[in-house]
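Take a look at the structure below.
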Amino acid sequence: MSSTFLPVEEQLAVIRRGTVEIIPEEELKSKLEKSRQSGKPLRIKLGCDPTRPDLHLGHSVILRKLRQFQDLGHHAILIIGDFTTLIGDPTGQNKTRPALTPEEIKKNGESYFKQASKILDAEKTEIVYNSEWLGTMGFADVIKLAGHMTVARMLERDDFSKRYTNNEPISLHEFLYPLAQGQDSVHLKSDVELGGTDQKFNLLVGRQLQKDVGQAPQICLMMPLLVGTDGTQKMSKSYDNYIGIDENPNDMYGKSLSIPDDLIYTYFELLTDVATEELPKLAEKAKQDPRNAKHDLAFTITKMYHGEEAANAAREHFEKTIINKGIPDDMPEHKLNVGEEYQLIPLIKDIGFAPSNGEARRLVQQGGVSLNGETITDTNFMFSIHTGDELVLKVGKRKFIKLIG
RNA sequence: GGGGAGAUUCCAGAGCGGCCAAAUGGGGCAGACUGUAAAUCUGUUGUCUUUCGACUUCGCAGGUUCGAAUCCUGCUCUCCCCA
């Protein structure tokens, strides 16, 4: 096993793909060389925050990088940040987040890992919970740890300095987060820590703490923050510009298509396994023929998570419903009682296509609702169904349901 | 410890004691258009109600008033300045 490491330059080529910065790259090189000689894999650390259990393609960028390290034969460690979560989220500003119970955190952590397993080699991933070592530290330990950092350095951090100049509150304990994360690196003796560019500060703190205690400092590897489907902000659930890993094939395909054209290349580079040598060609195609390039992208992404068959189906579904404004082959069904008079508006709400009757009414008034292809604008519309009937209710552009008698 | 400013609907941010469910922008949703769920344009955006209207909402709790997001009192939280 130990002698199967690729030559260092080849490893570096894989590692470099998509990275923004490797600090310091020379040191990584020598670590790789040593590892290759000794046959000892590098310890690659990635921390995750189990507050939000829904992973999207933005997370996948970094998880894929971890996977690449795995494929190169290195040891992946996934830290579930249960301890840090238990205390609260540092970037939560003044929102008092309801502290999650340990059970919830555990559950989220498991759900996180389950989703991450679609990308990682789960068998070869070491999962650790940082409460294990952070939770046993005493106050004196914490103060000692805090002594490694100065306020001035803390305020260098981008989000802190922004909040500070914007007169937004910063709680003292938030300063401890980078230290806690750094302590993880010390505890795990990590060789490399992965993170988004927004993690640069935290990763460097880990590096410094390791140095301070006489460990070989970790390499910090930063991946770009994936820009979301809106083309401007980073992909995030709260901006609603995300494509979820667990998302159904149709949504995944459709959302992938909605990205701005100039993101096509980036998505191929960061989210797919398309060979690195192919990327320049794809960049060219994205310019010449963005429509097809984007369909290729959407297909590739959907295929990665759902398989080829589902990806094909998703493409057909998209063409049928969005391009040709038809109705899809498959849609959920909803049984209605034969002979009963149904009011359209409450029905839309009951099905869950609108959160309130008022919203449902608005949809009807604005021409967003059709029954069997006929747009219905009468807010009083009532109908009943017969045995064996199938009525297709369409709400908005892409919500379909088959009403059956 | 002292002084000052502030807390408004998803976010930002207006708001004269009645015409405020609350300007404006962003976001969301819908329609048109489009290769796209992009861009652009239009409409819409508390809940219930076909309409009229009713109800809940402007940090929390009380109070003044025929009537309060707007006035008063207390509380909680945040920011700034000084120490």
Side-chain angles (χ1 to χ4, degrees), chain A residues 56-57 88 91-97 160 162-172 174 227-244 247-267 285-302 314-326 328 341-350 352-370 374-382 393-400:
Chain A
H56 52 62
L57 293 185
T91 51
Q93 291 189 16
N94 49 7
K95 283 167 201 154
T96 29
R97 206 174 280 267
F160 281 149
K162 260 187 205 144
R163 282 163 65 191
Y164 191 64
T165 45
N166 288 342
N167 295 340
E168 282 164 18
I170 301 172
S171 289
L172 196 53
E174 297 182 45
V227 175
T229 54
D230 59 357
T232 51
Q233 285 175 297
K234 71 166 182 177
M235 186 175 281
S236 157
K237 206 176 177 192
S238 40
Y239 298 143
D240 198 28
N241 61 356
Y242 70 98
I243 303 173
E247 202 125 23
N248 71 60
N250 292 339
D251 286 345
M252 198 175 250
Y253 194 94
K255 283 185 177 184
S256 299
L257 272 188
S258 76
I259 64 168
D261 292 353
D262 53 13
L263 233 50
I264 297 174
Y265 175 83
T266 312
Y267 271 44
K285 182 168 184 188
K287 264 189 208 142
Q288 302 301 324
D289 185 7
R291 193 192 95 89
N292 282 319
K294 208 183 285 184
H295 274 274
D296 287 349
L297 173 69
F299 181 83
T300 306
I301 290 175
T302 310
R315 173 153 58 193
E316 276 170 37
H317 177 269
F318 187 85
E319 278 166 7
K320 204 172 256 182
T321 58
I322 303 297
I323 298 181
N324 300 320
K325 301 189 187 213
E341 283 276 302
Y342 284 95
Q343 265 196 299
L344 184 60
I345 285 176
L347 181 68
I348 290 171
K349 182 192 152 202
D350 291 341
F353 280 180
S356 68
N357 285 337
E359 181 74 37
R361 182 167 302 111
R362 250 173 256 131
L363 286 165
V364 171
Q365 283 165 348
Q366 297 187 121
V369 176
S370 72
E374 249 182 82
T375 303
I376 293 177
T377 46
D378 175 10
T379 50
N380 290 316
F381 188 81
M382 295 182 75
L393 175 66
K394 179 185 180 192
V395 175
K397 261 189 204 81
R398 48 207 139 88
K399 286 183 211 146
F400 295 91

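B:A22 makes up no base pair with any nucleotide shown, lacking Watson-Crick or G-U wobble contacts both under 3.5 Å. Across all strands shown, B:C71 forms a Watson-Crick or G-U wobble pair, both distances under 3.5 Å, with B:G63. Summarising the base pairing, B:U76 is matched to B:A7 through a Watson-Crick or G-U wobble pair whose two defining distances lie under 3.5 Å.
At the phosphate of B:G35, neither OP1 nor OP2 sits under 4.0 Å from any side-chain N or O atom of A:K294. Look at A:S356 and you'll find a side-chain N or O under 4.0 angstrom from OP1 or OP2 of B:C48. In terms of phosphate contacts, A:R361 brings no side-chain nitrogen or oxygen within less than 4.0 Å of OP1 or OP2 of B:G46.
The CG-P distance, from A:D230 to B:U36, rounds to 20 Å in whole Å. The NZ-C1' distance, from A:K397 to B:G28, rounds to 13 Å in whole Å. Here the C1' atom of nucleotide B:C48 and the NZ atom of A:K349 are 9 Å apart, to the nearest Å.
Residue A:G367 is in sugar-phosphate contact alone, with no base atom involved, counting any heavy-atom pair closer than 4.0 Å across all strands shown. Counting any heavy atom pair closer than 4.0 Å across all strands shown, A:N250 reaches a base atom. Within the nucleic acid shown, A:D251 comes within 4.0 Å of at least one base atom, counting heavy atoms only. Residue contacts for A:F318: at a heavy-atom cut-off of 4.0 Å it reaches a base atom on one of the strands shown. Among the atoms of the strands shown, none is found under 4.0 Å from any heavy atom of A:Q365.
Distance noted for atom C1' between B:U24 and B:A61: 32 Å (whole Å).
Side-chain proximity of A:N357 to the nucleotides B:C33, B:U49, B:U50 is greatest for B:U49.
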